[in-house]
Amino acid sequence: MRYTKQDILRLVEENDVEFIRLQFTDAYGTLKNVAITAGHLDEALDNKVMFDGSSIDGFVNIEESDMFLYPDLDTFEIFPWRPQVGKVARLICDVYNPDGTPFEGDPRYILKKELKRAAELGYTFEVGPECEFFLFHTDDEGRPTTLTHEKAGYFDLGPLDLGENARRDMVLALEKMNYTIEASHHEMAPAQHEIDFKYDNALKTADNIITFKLVVRSIAKRHGLFASFMPKPVYGVQGSGMHINMSLSKDGKNIFAKADGKNGLSEEAYHFIAGLMEHAPGMSLITNPLVNSYKRLVPGFEAPVYIAWSRTNRSPLIRIPASRGAGTRIEFRSPDTATNPYLALAVCLAAGLDGMERKLAVPDEVKSNIYAMAEEDRKAAGIEKLPGNLSEAVQAFEKDEYIQSVLGSHTSNMYRKAKQSEWLQYTSQITNWELEEYLYKI
């Protein structure tokens with residue numbers, strides 16, 4: 001949908017919208033907003049709403065704090081779960097400096113910049129995410145817990161799936177906001193769910209992921225539940241990932257597909273895979289940004305640990321699903337839903353394009369279960385591991401100057417320092433495990 005300023009003003013009046021949320025994300029993907037009444041919408045649509053950038057994580061310091069929100073008119077949506085009288089709508093915004101230039105630390109700008117580079121080469125980057133989350137009970141004060149009464153597993157349904165009604169209402173709310181929901185189901189772990197929405201261009205997909213998380217949390221709360229996108233909230237079960245399915249199109253055709261190519265894939269597809277594999281360690285700080293992210297990336301729970309690719313099994317980092325022709329795609333399996341989707345999609349695209357531009361050679365496909373391979377066999381096959389914790393991810397990021405250049409110096413420096421600080425805070429904590437393991441022994 002392509003909207004004009006007059007379209008937005010008309011829709012607000014016709015639908016009795018009273019409040020508009022001007023939304024954007026900080027560097028870590030946390031959704032922020034400035035809420036205005038309908039009476040101030042005209043001013044907002046003229047890009048005159050200002051906010052304090054020094055109060056937003058990863059933006060600017062107090063000496064240069066004034067920033068402006070430029071609404072993307074095509075992102076206008078009315079929240080279907082809000083009151084029918086005095087409705088609430090949203091516009092996703094780009095962040096600009098006072099001089100009218102885009103703010104280089106705005107995650108949405110970083111993705112748009114990379115998409116522009118692809119467009120100049122004739123490519124359109126299309127993405128379909130697989131977003132997983134947990135639905136937990138809250139305590140008597142409404143605070144989140146990790147408790148659930150259900151024991152359902154993969155593809156189970158009610159009455160085993162006690163979150164089925166909440167998930168249905170999430171899907172209905174998303175469809176009212178013009179999402180095309182392709183599938184929703186219970187996942188492997190108790191209380192774990194997945195909702196998949198249609199492939200789309202990368203910018204719209206990143207916007208959709210941010211909105212998706214807001215919708216899921218809002219509907220869960222209405223059911224007395226708490227929706228968590230934490231990668232590994234419960235020990236001993238599967239964590240939540242966000243597999244990213246991606247393809248490149250040129251002149252309306254999927255360039256990863258080649259009917260007479262090896263395995264039905266083009267040379268461009270193999271180069272793209274090679275680029276993802278080369279930059280995967282450096283990208284991990286973005287795609288897996290938390291201390292907790294690396295509790296998910298361990299053997300035994302279907303999350304990738306090793307940098308390899310395959311068509312036939314799900315243990316490697318990259319999988320090529322069976323669909324061919326227009327449906328040919330590359331599935332990148334390490335990201336989790338704690339990532340900032342704008343940054344994650346930017347580095348994925350950049351890594352793949354780098355592989356194509358440099359014509360990187362892809363290693364042999366790994367058809368066997370990598371977790372079951374002996375260490376010496378993995379070494380002989382040249383199979384490397386992803387970073388094992390946040391500290392290793394920081395080190396890999398520091399070595400990958402290309403990925404840093406994609407983010408720009410502002411975001412790269414800020415992000416690296418923040419994650420180093422997060423790791424130091426984590427390593428200085430005294431955990432329950434340590435007390436239970438050592439207190440009575442020493």
Side-chain angles (χ1 to χ4, degrees), residues 25-30 56-61 103-107 109-111 113-114 117 231-232 241-242 244 272-298 303-308 317-318 332-336 338-358 360 363 379 382-429:
T25 70
D26 66 14
Y28 310 112
T30 302
I56 306 300
D57 286 342
F59 273 27
V60 293
N61 54 40
F103 170 50
E104 67 170 342
D106 176 14
Y109 169 70
I110 291 170
L111 175 57
K113 186 173 59 173
E114 203 58 35
R117 182 166 81 93
K232 186 83 167 186
M242 188 182 74
I244 299 175
F272 198 98
I273 293 168
L276 285 171
M277 292 177 65
E278 176 162 308
H279 293 290
M283 292 162 53
S284 292
L285 190 64
I286 304 301
T287 58
N288 306 92
L290 306 180
V291 166
N292 183 256
S293 296
Y294 298 88
K295 307 294 177 71
R296 168 181 165 258
L297 300 179
V298 295
V305 176
Y306 300 100
I307 302 172
L317 171 67
I318 294 169
F332 191 58
R333 298 173 55 80
S334 63
D336 60 55
T339 187
N340 183 324
Y342 299 105
L343 300 184
L345 297 188
V347 296
C348 283
L349 173 58
L353 289 178
D354 187 47
M356 290 170 58
E357 290 171 347
R358 294 165 54 202
L360 294 180
K379 287 182 178 179
I383 299 174
E384 302 290 337
K385 294 180 70 172
L386 289 169
N389 57 48
L390 190 63
S391 179
E392 292 181 9
V394 170
Q395 294 171 35
F397 179 76
E398 290 174 331
K399 294 176 183 177
D400 197 327
E401 294 182 358
Y402 177 75
I403 293 299
Q404 292 180 56
S405 72
V406 173
L407 301 184
S409 59
H410 174 91
T411 298
S412 291
N413 292 333
M414 172 281 306
Y415 207 98
R416 174 182 54 80
K417 291 176 182 178
K419 292 304 171 180
Q420 285 175 326
S421 175
E422 183 177 335
W423 177 252
L424 290 173
Q425 291 179 50
Y426 169 69
T427 55
S428 67
Q429 297 297 312

Start with the C-alpha distance between Gln425 and Ser421, add both sets of side-chain angles, then the distance that settles side-chain hydrogen bond (donor to acceptor under 3.5 Å, both in side chains), and finish with yes or no.
CA-CA 6 Å; Gln425 291 179 50; Ser421 175; 3.2 Å; yes

Going through the checks in order, is the side-chain contact (heavy atoms from CB on, under 4.5 Å) test met by Tyr402 and Asp354?
CA-CA 9 Å; Tyr402 177 75; Asp354 187 47; 3.5 Å; yes

Member of Asp336, Asn288, Thr339 meeting the side-chain hydrogen bond (donor to acceptor under 3.5 Å, both in side chains) criterion with Ser293
Asp336

Going from CD1 on Ile403 to CZ on Phe397, what distance comes out if it is rounded to the nearest 0.5 angstrom?
8.0 Å

Could you report the tightest heavy-atom contact between Arg296 and Ala303, atom names first, then the distance?
O-CB, 3.3 Å

Nearest non-hydrogen partners of Ala308 and Met277, listed with the distance
CA-CE, 3.8 Å

Can you see which heavy atom on Cys348 is nearest to which on Ile244, and at what distance?
SG-CD1, 4.3 Å

For the atom pair NZ (Lys419) and OH (Tyr28), what is the distance rounded to the nearest 0.5 Å?
6.5 Å

Check whether any side-chain heavy atom of Glu104 sits under 4.5 Å from a side-chain heavy atom of Ile110, and report yes or no.
no

Tell me, do Pro387 and Tyr294 make a side-chain contact under 4.5 Å, heavy atoms counted?
yes

In chain order, what residues pass the side-chain hydrogen bond (donor to acceptor under 3.5 Å, both in side chains) check against Glu384, with sequence neighbours excluded?
none

Are any non-hydrogen side-chain atoms of Leu349 and Arg117 less than 4.5 angstrom apart?
no

Please check if the side chain of Thr30 supplies one atom and the backbone of Asp26 the other of a donor-acceptor pair under 3.5 Å.
no

List the steps and the verdict of side-chain contact (heavy atoms from CB on, under 4.5 Å) for Asp106 and Tyr342.
CA-CA 9 Å; Asp106 176 14; Tyr342 299 105; over 6 Å; no

NZ-OG distance between Lys417 and Ser412, expressed to the nearest 0.5 angstrom:
11.5 Å

pair Glu114-Leu345: side-chain heavy atoms closer than 4.5 Å
no

For the residue pair Lys232 and Asn292, what are the closest heavy atoms and their distance?
N-OD1, 2.7 Å

All heavy atoms of Ala27 vs all of Pro107, minimum pair found to be CA-CG, 4.0 Å

Quick one: are Lys113 and Tyr109 in side-chain contact, heavy atoms under 4.5 Å?
yes

Within the structure provided, determine whether Pro231 and Lys295 are in side-chain contact (heavy-atom separation under 4.5 Å).
no

Is the side chain of Lys399 donor-acceptor paired with the backbone N or O of Gly282 at a distance under 3.5 Å, no angle test?
no

Should the pair Lys385-Glu392 be classified as a salt bridge under the 4.0 Å nitrogen-to-oxygen rule?
no

Take Glu278 and Asp400 through the test side-chain contact (heavy atoms from CB on, under 4.5 Å) and record every step on the way to the result.
CA-CA 10 Å; Glu278 176 162 308; Asp400 197 327; over 6 Å; no

Interatomic spacing from CZ in Arg416 to OG1 in Thr411 - rounded to 0.5 Å:
12.5 Å

Stepwise side-chain contact (heavy atoms from CB on, under 4.5 Å) check, Asn340 with Ile286
CA-CA 7 Å; Asn340 183 324; Ile286 304 301; 5.9 Å; no

Starting from the C-alpha separation in whole Å, work towards a yes-or-no answer on ring pair (Phe, Tyr, Trp, His ring centres under 6.0 Å) for Phe103 and Phe59.
CA-CA 9 Å; Phe103 170 50; Phe59 273 27; 5.0 Å; yes

What are the two closest non-hydrogen atoms of Leu386 and Leu317, and how far apart are they?
CD1-CD1, 4.1 Å

How long is the gap from CG on Leu276 to CZ on Phe332, to the nearest 0.5 Å?
5.5 Å

Please round to the nearest 0.5 Å and tell me the distance separating atom CG of Leu360 and atom CZ of Phe272.
12.0 Å

